[in-house]
Amino acid sequence: MGTDIEMTVNKLKMSYTDEGPDNAPVIILIHGFPLNKSMWDKQVDVLIENCRVIAYDVRGHGNSDAGTDDFSIELFTNDLIALMDALKIETAMLCGLSMGGYIALNAMIRFPNRFNALILCDTNCVADTPDAAEKRMKSIESIQEKGLEQYAIESLKNLFAPESFVTNKEKIASIKEMIMKTSVQSLSSTLTALSKRKETCTGLASIRIPVLILVGKEDKITSPDTALLMQKSIKGSILKIIEHAGHLSNIENSYEFNSQLITFVSSVKSK
Ligand code: MLT
């Protein structure tokens, strides 16, 4: 894991790592909810051989401050662009998992000239249905009533494939720890932001850069079927299903995930 760097961005203390050769192509990694940049450790290890790799904590997660504004995917995107500006990164490859993918798609549609490749992992382009939004409100109540640990235990059941509970116990423990480190205030604000997010499916046809879509075969939150729908809407995009993985495919099967990621990144770099 790289050294944590802090910088004030959008009047907010943001925490990020910046590794790999200075003059190499840049890739930015955006984590899922309610996790932090350390979920990318296994990808950073391999990407730094050929890329400058930035992994950052979305506001209210990891070591980044929460600030006082209401959370929204648009605000998270504004933070990303402000971070790129502060680091003088004009264009980058962008890789996001789940919530990170929602941010990546929002950024891609609003700031198309800032990105030269997109990796969408275990994510989707639809907005929450009224039922899904209601479930998030119930989660906020339940965190307040039953506490954070119970919420973390319930979340793990959806995040991982059943087999990971046998084969990946240490990884599950580290994800539980990440969830428990997120403040109740940030969890509630992010759940509200996720419930209000706008769809990005109608913007997919306008994407003109190389796109790789990765999804765990047993992802219960953003299924392979929804990944296939995105793939059909993005001209020239590639879809790879990661075996032996649920929603956290980069962690549950980092070997296969990294192999697909590196192949894609190398093909973009050689263009
Ligand atoms: C995530 O992994 O970021 C979340 O599962 C996203 C969501 O709940 O929609």
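Because only heavy atoms are used, hydrogens play no part in the values below, and waters and symmetry mates are left out as well, while side chains stay in. One-based numbering, in listed order, for ligands and for the atoms of each.
- Identified under the side chain to side chain donor-acceptor pair (under 3.5 Å) test for residues 226-238, with sequence neighbours left out: none.
- Around ligand 1, the residues contributing at least one heavy atom under 4.0 Å from the ligand are G32, F33, S98, M99, Y102, R136, I221, H247.
- Applying the salt bridge (charged side-chain N to carboxylate O under 4.0 Å, His left out) test to E6 and every residue at least two apart in sequence or in another chain returns K13.
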Side-chain donor-acceptor pairs of residues 108-118 under 3.5 Å, sequence neighbours excluded:
unit_1: R110; atom_1: NH1; unit_2: E74; atom_2: O; d: 3.4
unit_1: R110; atom_1: NH1; unit_2: N106; atom_2: OD1; d: 3.0
unit_1: R110; atom_1: NH2; unit_2: N78; atom_2: OD1; d: 2.7
unit_1: R114; atom_1: NE; unit_2: E90; atom_2: O; d: 2.7
unit_1: R114; atom_1: NH1; unit_2: D85; atom_2: OD1; d: 3.0
unit_1: R114; atom_1: NH2; unit_2: D85; atom_2: OD1; d: 2.9
unit_1: R114; atom_1: NH2; unit_2: I89; atom_2: O; d: 2.8
unit_1: N116; atom_1: OD1; unit_2: M93; atom_2: N; d: 3.3

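- Under the 4.5 Å side-chain criterion, counting only non-hydrogen atoms from C-beta, F76 is in contact with T190.
- Note that NZ of K181 is 6.5 Å distant from OG of S38, once rounded to the nearest 0.5 Å.
- With contacts defined as side-chain heavy-atom distances shorter than 4.5 Å, the pair N50/V265 does not qualify.
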